[in-house]
Structures are given as C-alpha cells and as structure tokens.
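Please read all numbers here as calculations on a predicted model, not as lab measurements. As a basis for the values below, the full set of heavy atoms in this structure was taken, side chains included, without hydrogen atoms, waters or symmetry mates. Chain letters run A, B, ... following the sequence lines, proteins first, then strands; residues in each count from 1.
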Protein chains: 2
Amino acid sequence: MVVRVDLSEEDVDRIFKALADRTRRDILERAIHREQSVSALAHHYDMSFAAVQKHVAVLERAALVTKERRGREQIVRTNGPTIARAIALLDQYEQLWVDRAVQIDAVLARSDEEGGG
Amino acid sequence: MVVRVDLSEEDVDRIFKALADRTRRDILERAIHREQSVSALAHHYDMSFAAVQKHVAVLERAALVTKERRGREQIVRTNGPTIARAIALLDQYEQLWVDRAVQIDAVLARSDEEGGG
DNA sequence: CACTCTCACAACCATATGGTTGTATGTTAG
DNA sequence: CTAACATACAACCATATGGTTGTGAGAGTG
C-alpha cells in the first residue's frame, strides 16, 4: 500500500510522542480491537478516569483516534490512516538506510576487485 | 521483509520517545545519509555541543544508532534493524486495524443482504 | 424532579525532558 | 610538553508530562 507523507514536523512529534507511552499504546490496541467509550477503556487501568481521559486526548491530538458522541458516552475509534502515515515515515528512513547499505556494499565490492586484481 | 518484534515495552518507549523529537529525527537522517562524528553533527544545530551529545545518547539508548571511537572522534552510525523493528510494530497495529475493517465490512455486507433480501 | 453516569476541565504535584554552563579527560598536531 | 580538539559528565534551570483530586455540566433513568 502506498501512503503519502504530508505531515508537518509538529504532526510527527505528536504521533511519536503519543506512541511513546505504554498506556496509550494499550489504549490504541484496545480501540483497534473494538471501538468503545472512554470509561470502558478506563476500567482496564489502575489509574483515575481523568488520567485515561488525558491519554485519549493525546491520541486524539495526534489523530491516532477520533471521538464521537453517542448519548452520554464518547466513543473512541482508531484512525487507521495515521498509523499508515507513521509507517510510511519510518519506511522512508529505512529505505534511506537500505540504499546507503547498498552503496557501501558496492564500494566494498569495488575495493575487493581493485585489491584482488 | 519480515522482521520479528521481540522488544520489551521499555524498548518501545525508548524508540518512540527518541523519534518524538525533531532534532533527533534530523540527526538520525543525517547519520543514515553519512556516518559522522558527534561534533560534525553538532555543527548543523543552533544549540550547544552538549545538547546534541545528549540527543545522540537518547538515540543510542534506543538502539537507533551506535557510536564507535575513531581516534578522538566518536562516529555515529545508524542501526537499521531497530528502525525495521519499529516499522514491524506499527505494521502489527495497522494489520489489526485492517483486519477489523474487513470484519466490519463483512458485517455490513451481511446486513445489506438481510435488509435487501 | 432527583439521581447516576459519563465526560470536561482546572488546579496542583512530582518527575522527566531539553536546554544551558562549567569542568575534566583523552587524543592528535606542533 | 603545549595547544587545540572531541568528548564526557555534572549541576542547574524552565517547561512538559503523567498522575492526582475536585468541581461542574449534559444525558439517561426511576
């Protein structure tokens, strides 16, 4: 799958900061598995509702999840495309690294030829 | 490419925290492009050498780069496999999301049949 | 209406983070 | 040996982060 990466540095900051917390990764995973209310999510953690609420807010600001009112509940739903964009970002780094590795291999192969011939 | 993800939660924290800073992402990119000393990297930024040194240390603790002494310099080199692992991690999330989306599509398709038949 | 549930938000606190400066140590060039 | 360079590391500071409690406001229920 091809995903364009048109994120600002601030966007990228928000995404990786959001992913850099164990609780938030867990919330994200649960939300992927099944969309559910903030309080339903909060039941799983040994911390206050407000704390979980803040974590969800961080994920929301990073656009990793969206919230939608349903009655008195706020339903948390994963925003797949943002994950895809983060992957695309890292893929770019990795591709650079792979390209670089290939270049180095080429250089080494050439010195082998020179040294051996 | 298949990459196994056998990282502890702490490892994952370190990787994403390291990537959650613009300066560190830039350092990583430069190190990918060409391995170079800490002071060579530091020249590019409008901050003290010590600050850049700390950023490199964060990247190193996350295993995104390695340092190797060469004379009086410390050469910073990208550690590609860690990037690959981070990608694999996000791929897992995305795969979960895609699977979930497929499930939902299936459910919707079934209700269409029921509603339409 | 009164009650409960769910959420929003503010105030507060301890610790982590990202920067600074200063000092010390090892390495290379004269 | 001396000077300059690259690095390491500690102390310090301001702000961000991750948690708490408390208060208040909509939304559903008896």
To the nearest angstrom, how far is [X] atom [atom1] from [N] atom [atom2]?
X: A:M47; N: C:dC13; atom1: CE; atom2: C1'; value: 17 Å
X: B:I75; N: D:dT7; atom1: CD1; atom2: P; value: 8 Å
X: B:D21; N: D:dA16; atom1: CG; atom2: P; value: 14 Å
X: B:I27; N: C:dG19; atom1: CD1; atom2: P; value: 9 Å
X: A:Q74; N: C:dC9; atom1: CD; atom2: C1'; value: 14 Å
X: B:E60; N: D:dA8; atom1: CD; atom2: P; value: 8 Å
X: B:L41; N: D:dC5; atom1: CG; atom2: P; value: 19 Å
X: B:Y45; N: C:dG18; atom1: OH; atom2: P; value: 15 Å

[options]: which one has an atom nearest the side-chain heavy atoms of [X]?
X: B:A51; options: D:dG18, C:dG19, D:dT7; result: C:dG19
X: B:F49; options: D:dG19, D:dT7, C:dG19; result: D:dT7
X: B:R72; options: C:dT4, D:dG19, D:dA6; result: D:dA6

Compare all side-chain heavy atoms of B:Y93 with those of A:I87 and state whether any distance is below 4.5 angstrom.
-> no
Are B:L19 and B:L28 side-chain neighbours, meaning at least one heavy-atom pair lies under 4.5 Å?
->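 In short, these two side chains touch, coming nearer than 4.5 Å.
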Taking atom types as modelled and ignoring hydrogens, do the side chains of A:T23 and A:D26 form a donor-acceptor contact shorter than 3.5 angstrom?
->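 Side-chain D/A pair, A:T23 to A:D26: absent.
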Sidechain N-carboxylate O distance under 4.0 Å for A:R70, A:E35 = yes
Less than 4.0 Å between a side-chain N and a carboxylate O, is that true for A:R25 and B:E9?
-> yes
Name the nucleic acid region contacted by A:R70, choosing base, sugar-phosphate or nothing; use a 4.0 angstrom heavy-atom cut-off, strictly under.
-> nothing
Answer with base, sugar-phosphate or nothing: what part of the nucleic acid does A:K54 contact at a heavy-atom distance below 4.0 Å?
-> base
Can you see if the side chain of [X] gets near the phosphate of [N] - specifically, an N or O under 4.0 Å from OP1 or OP2?
X: B:Q53; N: D:dA8; value: yes
X: A:S39; N: C:dC7; value: yes
X: B:K17; N: D:dG18; value: no
X: B:S37; N: D:dA6; value: no
X: A:S48; N: D:dG19; value: no
X: A:R69; N: C:dT6; value: no

Earlier contact from the 5' end, DNA chain D, for B:A50 and A:A20 = B:A50
